[in-house]
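Below, chains carry the letters A, B, ... as their sequence lines are ordered, and counting in each starts from 1.
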Amino acid sequence: MKIKIINDLNIKKQAEELAVDIWHTPSFLFIVMGVITAVIMITNYYISVNQNRPEVLVISESIIVITIFIIGNSIIESVEQVAKLNKMKSEFVSVASHQLRSPLSAIRWETELLQSKFGEGLTPRQQEAVQTIRSLSGRMVRLVNDLLDVAKIDQGRLALKKERVDLAKIVEETINQCYAQARAHNVDIIFNRKKQVPTIIGDNDRLKLVVENLLTNGIKYTVGKGRVEIGVYEINNYLVFNIKDNGVGIPKSQQKRIFNKFFRSDNIVKHQTEGTGLGLYIAKNIVEQSGGRIWFESREGVGTVFSFSLPIKQF
Amino acid sequence: MEKKKILVIEDEATLQKALMEYLTLDGFDVVEALDGEEGLRMAKREKPDLILLDIILPKKDGYEVLAELKQDETTKDTPVVLLTNLGGPEDVQKALDKGATTYLIKADYKLEEVAAKIKELLKMQ
């Protein structure tokens with residue numbers, strides 16, 4: 001019976017998620033507190049109806065207060081423990097990522113040196129090997145940067161700069177940067193830049209990261225020949241960015257979880273094993289912290305349109 | 001044209017060597033220091049055209065070195081580029097407040113881009 005209640009209320013799952021004993025989960029402690037309080041209140045009722053003795057009533061009332069106090073205290077303790085664990089986890093990610101950046105910088109620079117300055121004697125196969133190390137170390141740097149961003153988001157200290165941002169220029173730069181990747185995936189990128197759009201206030205590097213994440217998703221998750229269309233335009237004091245692909249799409253059943261940390265939908269895992277499920281989580285946090293909103297429409301097998309809007313504010 | 005002199009203050013030997021080799025092959029005269037105090041001495045003695053400075057350094061950290069460079073008559077006008085892996089906005093702000101010309105994250109920049117930045121700052125392009 002006890003096990004059944006524990007299962008029904010998902011206390012076991014909560015205990016696993018929070019990495020604490022079942023007896024320390026807030027849900028379990030609340031139930032215990034509720035049961036004890038109910039029992040004592042019923043007892044109080046009987047005492048007050050059947051016995052005309054105020055001192056017994058005072059004693060049992062005191063027991064309620066003490067019980068609530070003790071259990072309340074252990075709830076606070078367990079919540080504190082969870083918060084502490086969470087903080088330690090974020091700090092660990094942050095320290096580990098910083099430490100990883102140094103050796104990664106060294107790998108990138110040494111391979112760059114080998115390729116660009118000492119590359120003459122290398123055979124084509126050796127050059128290919130160096131190129132592979134270079135691009136993989138670049139991928140590791142991006143992963144480490146993503147983990148650092150997630151740790152900052154989780155600690156509530158992702159600080160964004162406030163500077164003038166030309167979103168159309170960011171889009172053009174990102175397209176140039178992703179050109180080789182798009183060619184490799186047989187994807188055409190079209191930027192519908194109709195007219196001049198106003199500049200906004202935001203963090204250039206972070207907003208570039210958002211555009212980059214959305215564009216590389218569009219490229220990566222297109223199978224066969226594809227097309228990615230980007231538009232930037234102004235609507236009611238907002239700058240709206242959208243990107244439309246004819247890729248694999250997001251299954252309806254998984255659309256709710258698409259912005260969750262580490263989430264990757266089943267169909268994209270099949271097509272593309274590379275990916276961490278952090279890109280959209282980071283993008284959402286950056287856009288929302290910049291005062292904007294991010295959303296999408298998608299049909300599996302047809303394609304996806306991702307959009308975000310940012311307020312146009314004057315200095 | 002006379003070669004431009006770059007002082008690299010960096011304690012990580014591999015990074016130091018990679019920077020030195022790349023910049024030398026790119027036509028710069030490169031001098032090196034492995035800690036903050038040596039960096040300050042070299043800056044005064046060698047009078048470089050530009051200084052690449054790491055933040056986490058033995059003996060004196062990059063911020064202290066930067067502050068002293070900016071107080072000294074012989075070095076106060078030398079452009080200082082902070083080259084580090086600490087990339088928080090607070091680190092960047094602190095560096096710029098103390099007078100750094102610019103700030104580059106090592107893991108995010110290729111040697112080619114570091115060299116291009118140096119050339120741009122020295123108006124060599």
Minimum heavy-atom distance B/E21-A/L113, with the two atoms named: OE1-CD2, 3.1 Å

B/N85 versus A/R101, closest heavy-atom pair with distance: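 Taking B/N85 first and A/R101 second, the nearest heavy atoms are O-NH1, 2.7 Å.
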
Atom pair CG/OG of B/D26 and A/S116 - distance to nearest 0.5 Å: 8.0 Å

Separation between NZ of B/K17 and CH2 of A/W109, rounded to the nearest 0.5 Å: 15.0 Å

Residues two or more places apart in sequence or in another chain: which of them pass side-chain hydrogen bond (donor to acceptor under 3.5 Å, both in side chains) with A/K169?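 By the side-chain hydrogen bond (donor to acceptor under 3.5 Å, both in side chains) rule, A/K169 matches no residue at all.
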
Tell me every residue that passes side-chain hydrogen bond (donor to acceptor under 3.5 Å, both in side chains) with A/D149, counting only those two or more places apart in sequence or in another chain.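 In terms of side-chain hydrogen bond (donor to acceptor under 3.5 Å, both in side chains), with neighbours along the sequence ignored, A/D149 is linked to A/R206.
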
Check whether more than 12 heavy atoms from other residues, nucleotides or ligands sit under 6.0 Å from atom [atom1] of [X], and answer yes or no.
X: A/F259; atom1: CZ; value: yes
X: A/F118; atom1: CZ; value: yes
X: A/M140; atom1: CE; value: no
X: B/D97; atom1: CG; value: yes

Could you name the residues of residues 106-114 of chain B that have a heavy atom within less than 4.5 Å of a heavy atom in chain A?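 Expected list: B/K106, B/A107, B/D108, B/Y109, B/K110, B/L111, B/E112, B/V114.
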
Residue selection (most heavy-atom pairs with chain B, distance under 4.5 Å) from A/I107, A/L104, A/V141: A/V141

Residue B/I56 versus chain A: region with a heavy atom under 4.5 Å: neither

Test of understanding: with salt bridge (charged side-chain N to carboxylate O under 4.0 Å, His left out), list the residues that count as partners of A/E112, not counting sequence neighbours.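 By the salt bridge (charged side-chain N to carboxylate O under 4.0 Å, His left out) rule, A/E112 matches no residue at all.
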
Contact part of A/D203 toward chain B, heavy-atom cut-off under 4.5 Å: side chain, backbone, both or neither?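 When you check distances to chain B, no heavy atom of A/D203 falls under 4.5 Å.
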
